[in-house]
Amino acid sequence: MGWLLKAVTAGVVSFAATNIDDIFVLALFFGRLGRGLKVRHVVAGQYLGFSALVATSLVGYFARLIVPHEWIGLLGLLPIAIGVRHFLGRDKGEDEKQEAGRAAGGVFSVAAVTFANGGDNIGIYTPLFAASDLASLLVVLAVFFVMLAVWCAAGFVIGSHRAVKRALERYGHLIVPFVLVGLGVYIIIESGTLKLFGLVK
């Protein structure tokens, strides 16, 4: 049973360490519910994006390849693009068909932000998976997806708080784009991606 406790601990610690900032991002999404975006869209997008991160890490595990950290940082361009799109705004006179399309887009927007914010996840999960046997790997993956549900619940509680929700309803159209762009810039800088273009040494 020692291996089980070790695997569970590794799963909890590695998930928390790589996803602590996602709670705030989730709170922003949950705080902006309505007009086509529902709780299930945010949760589905979070699971979709995180599953893509896990799948990417597993490819590295099975192929014994580690994606260069500098290239992972290019994923930061995704939240920047989404933030710019939010900043430009949308036509308020959308009909139901457009609302449904935007809800679907909301799922993929959340998924894209989750995946783009996962540069550290890939860098940590790939060696973690590589160091695990099959049984430990399955336990770690199970822990990840249980923790993801906890993260969604925490983000919902924070984003649904009356004061937070009121602030996001009033200023969300200004806050969200800057947070997403800031997140993208942070990912690019922290990943050392600027070195690829000779902008820093």
Side-chain angles (χ1 to χ4, degrees), residues 1-30 37-79 82 103-160 183-184 186-187 190-193:
M1 294 298 291
W3 70 269
L4 180 60
L5 179 60
K6 183 178 180 180
V8 170
T9 302
V12 171
V13 172
S14 58
F15 182 92
T18 53
N19 292 282
I20 192 68
D21 53 339
D22 273 353
I23 290 182
F24 181 65
V25 175
L26 278 168
L28 282 175
F29 279 118
F30 281 124
L37 185 65
K38 301 182 184 300
V39 172
R40 65 175 180 270
H41 300 141
V42 178
V43 174
Q46 182 74 359
Y47 269 89
L48 181 62
F50 187 77
S51 296
L53 285 173
V54 170
T56 302
S57 300
L58 285 173
V59 168
Y61 163 68
F62 288 118
R64 295 298 191 269
L65 295 174
I66 304 245
V67 179
H69 204 59
E70 292 83 0
W71 288 101
I72 291 174
L74 291 174
L75 295 172
L77 295 174
L78 287 173
I82 294 171
V107 172
F108 292 107
S109 292
V110 176
V113 170
T114 300
F115 187 81
N117 194 31
D120 287 343
N121 300 52
I122 296 173
I124 291 174
Y125 296 168
T126 301
L128 173 64
F129 294 166
S132 304
D133 57 27
L134 182 58
S136 296
L137 176 63
L138 293 177
V139 171
V140 169
L141 291 178
V143 169
F144 278 3
F145 285 98
V146 170
M147 290 288 292
L148 193 57
V150 174
W151 245 235
C152 286
F156 178 78
V157 170
I158 295 172
S160 300
L183 177 62
Y186 171 80
I187 292 170
E190 285 298 305
S191 299
T193 304

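Heavy atoms only, all atoms of each residue included: I158 and A27 are closest at CG2-CB, 3.7 Å. For V25 against V113, the heavy-atom pair with the smallest separation is CG1-CG1, 3.8 Å. Closest heavy-atom contact between V110 and Q46: CG1-N, 3.5 Å. Here the closest non-hydrogen pair linking L4 and V139 is CD1-CG2, 3.7 Å. Minimum heavy-atom separation, F30 to G155: CD1-C, 3.4 Å. The two atoms that bring G11 and V140 nearest to each other are CA-CG1, 4.1 Å, heavy atoms only.
Counting heavy atoms from C-beta outward, F29 and V43 have side chains that stay 4.5 Å or more apart. By the 4.5 Å heavy-atom criterion applied to side chains, L148 and Y47 are counted as neighbours. Counting heavy atoms from C-beta outward, F115 and L48 have side chains that stay 4.5 Å or more apart.
Ring-plane geometry between Y125 and F144 is classed as tilted, the angle between the planes lying from 30 to 60 degrees on a 0 to 90 degree scale.
When the side-chain contact (heavy atoms from CB on, under 4.5 Å) test is applied to A135, the partners found at least two apart in sequence or on another chain are W3, D133.
F50 CZ to T114 OG1: the interatomic distance, rounded to the nearest 0.5 Å, is 9.5 Å. With values rounded to the nearest 0.5 angstrom, N121 atom CG is found 5.0 Å from L53 atom CG. Between the CZ atom in F15 and the CG atom in D22 there is a gap of 7.5 Å [rounded to 0.5 Å].
A distance-only check finds a donor-acceptor pair linking the side chain of W151 to the backbone of N19 [under 3.5 Å].
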- Query: Which is it for L26 and F156 under the side-chain contact (heavy atoms from CB on, under 4.5 Å) test, yes or no, and what are the steps along the way?
  - Reply: CA-CA 7 Å; L26 278 168; F156 178 78; over 6 Å; no
